[in-house]
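Notes follow the structure.
Residue numbers start at 1 and run along the sequence shown. We use all heavy atoms of the structure for the numbers below, so side chains are in, but hydrogens, waters and symmetry mates are not. As the structure lists them, so they are numbered: ligands from 1, and atoms in each ligand from 1.
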Amino acid sequence: MFQPEAMLLLVILAVLGTPAFSANDYHGTTTGTPFCTSIPEGKNLTAVRMYVRNNVIMGVQVQHEDSWGDVSGYAEGTPVVLTLSDDEHVLWVFGTYRFFIQQIVLYTSRPRDQYFGSLKGPNEFSDYPQSSDHVLKGFCGFYVRGGLRAIKFVWGSLSGTCTD
Ligand SMILES: *[C@@H]1O[C@H](CO)[C@@H](O)[C@H](O)[C@H]1NC(C)=O
């Protein structure tokens, strides 16, 4: 028997449930070269640099306590940097993609936000830690010559491991 109320409830639950299911997953298309930025244990993320060219995220690099890791992807285009102050952490992210990852927005505990890429793509995603005392530690993803195709956010406890 067709039950419109039940269908509507399922649709609402599906929409509400999407972020929970997508947390810790890749956003975009997982083809190309896989990468993870440096994610050292016991060190806070202190800065994020992304290279943006023609509204595409080309590369990403992270700093943990004054030590920059390698660039994942390509250091091509305009570098955009978010420098976190002491006791400031990234707690939520938003992003968009079409063929490539086009835009990432990092929201910090201060609170404030930093945009990487200005063009909003048609596919939106957001991500946040599963545990309330977890913060952004780094990124994983996939890139091809034209830019990042997928990104995943690695969350972990303050000054701890990624899985605590
Ligand atoms: C890392 O961040 C936490 C929470 O803000 C802070 O208590 C700790 O001192 C930081 N670690 C270092 C090495 O700065």
Side-chain angles (χ1 to χ4, degrees), residues 16-28 30 32-53 55-97 100-121 123-143 147-164:
L16 289 175
T18 300
F21 293 124
S22 68
N24 296 322
D25 279 350
Y26 284 98
H27 308 283
T30 54
T33 305
F35 71 85
C36 283
T37 65
S38 61
I39 304 170
E41 279 194 19
K43 290 192 173 176
N44 291 330
L45 183 67
T46 46
V48 175
R49 179 186 286 135
M50 293 193 193
Y51 292 87
V52 185
R53 189 180 73 188
N55 294 310
V56 169
I57 309 288
M58 296 296 297
V60 54
Q61 188 180 19
V62 297
Q63 184 197 59
H64 289 84
E65 284 158 29
D66 300 326
S67 166
W68 282 103
D70 294 334
V71 175
S72 298
Y74 298 94
E76 294 175 7
T78 306
V80 182
V81 180
L82 167 66
T83 303
L84 298 164
S85 54
D86 292 348
D87 282 342
E88 184 181 22
H89 304 281
V90 175
L91 300 179
W92 191 66
V93 304
F94 173 84
T96 71
Y97 63 93
F100 297 107
I101 303 293
Q102 300 203 149
Q103 185 182 54
I104 302 279
V105 188
L106 301 181
Y107 296 87
T108 83
S109 54
R110 191 182 272 190
R112 63 176 172 140
D113 56 45
Q114 175 67 55
Y115 278 68
F116 302 87
S118 52
L119 181 70
K120 201 171 169 182
N123 307 299
E124 301 182 355
F125 58 84
S126 63
D127 212 328
Y128 52 87
Q130 292 289 320
S131 169
S132 61
D133 63 350
H134 283 191
V135 299
L136 185 69
K137 308 295 274 190
F139 307 87
C140 293
F142 288 79
Y143 65 88
L148 264 60
R149 298 242 26 214
I151 194 158
K152 170 174 138 171
F153 303 90
V154 181
W155 307 96
S157 61
L158 283 170
S159 299
T161 63
C162 300
T163 49
D164 280 353

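- Neither the backbone nor the side chain of K43 comes within contact range of ligand 1; no heavy atom lies under 4.0 Å.
- Per-residue contacts place E65 under 4.0 angstrom from the following atoms of ligand 1 (heavy atoms of the residue considered): 11 (N), 12 (C), 13 (C).
- At a 4.0 Å cut-off, at least one heavy atom of H89 sits close enough to ligand 1 to count as contact.
- Residue contacts with ligand 1 for N44 involve side-chain atoms from C-beta outward but no N, CA, C or O (heavy atoms, distance under 4.0 Å).
- With sequence neighbours excluded, the residues that form a side chain to side chain contact (heavy atoms under 4.5 Å, CB included) with V90 are L82, L84, V93, L106, T108, L136.
- In this structure, Y143 has its ring center closer than 6.0 angstrom to the ring center of Y74.
- For the atom pair OG1 (T33) and CG (L148), the distance works out to 10.5 Å, reported to the nearest 0.5 Å.
- Residues meeting the side chain to side chain contact (heavy atoms under 4.5 Å, CB included) test with E124, sequence neighbours left out: F94, T96, K120.
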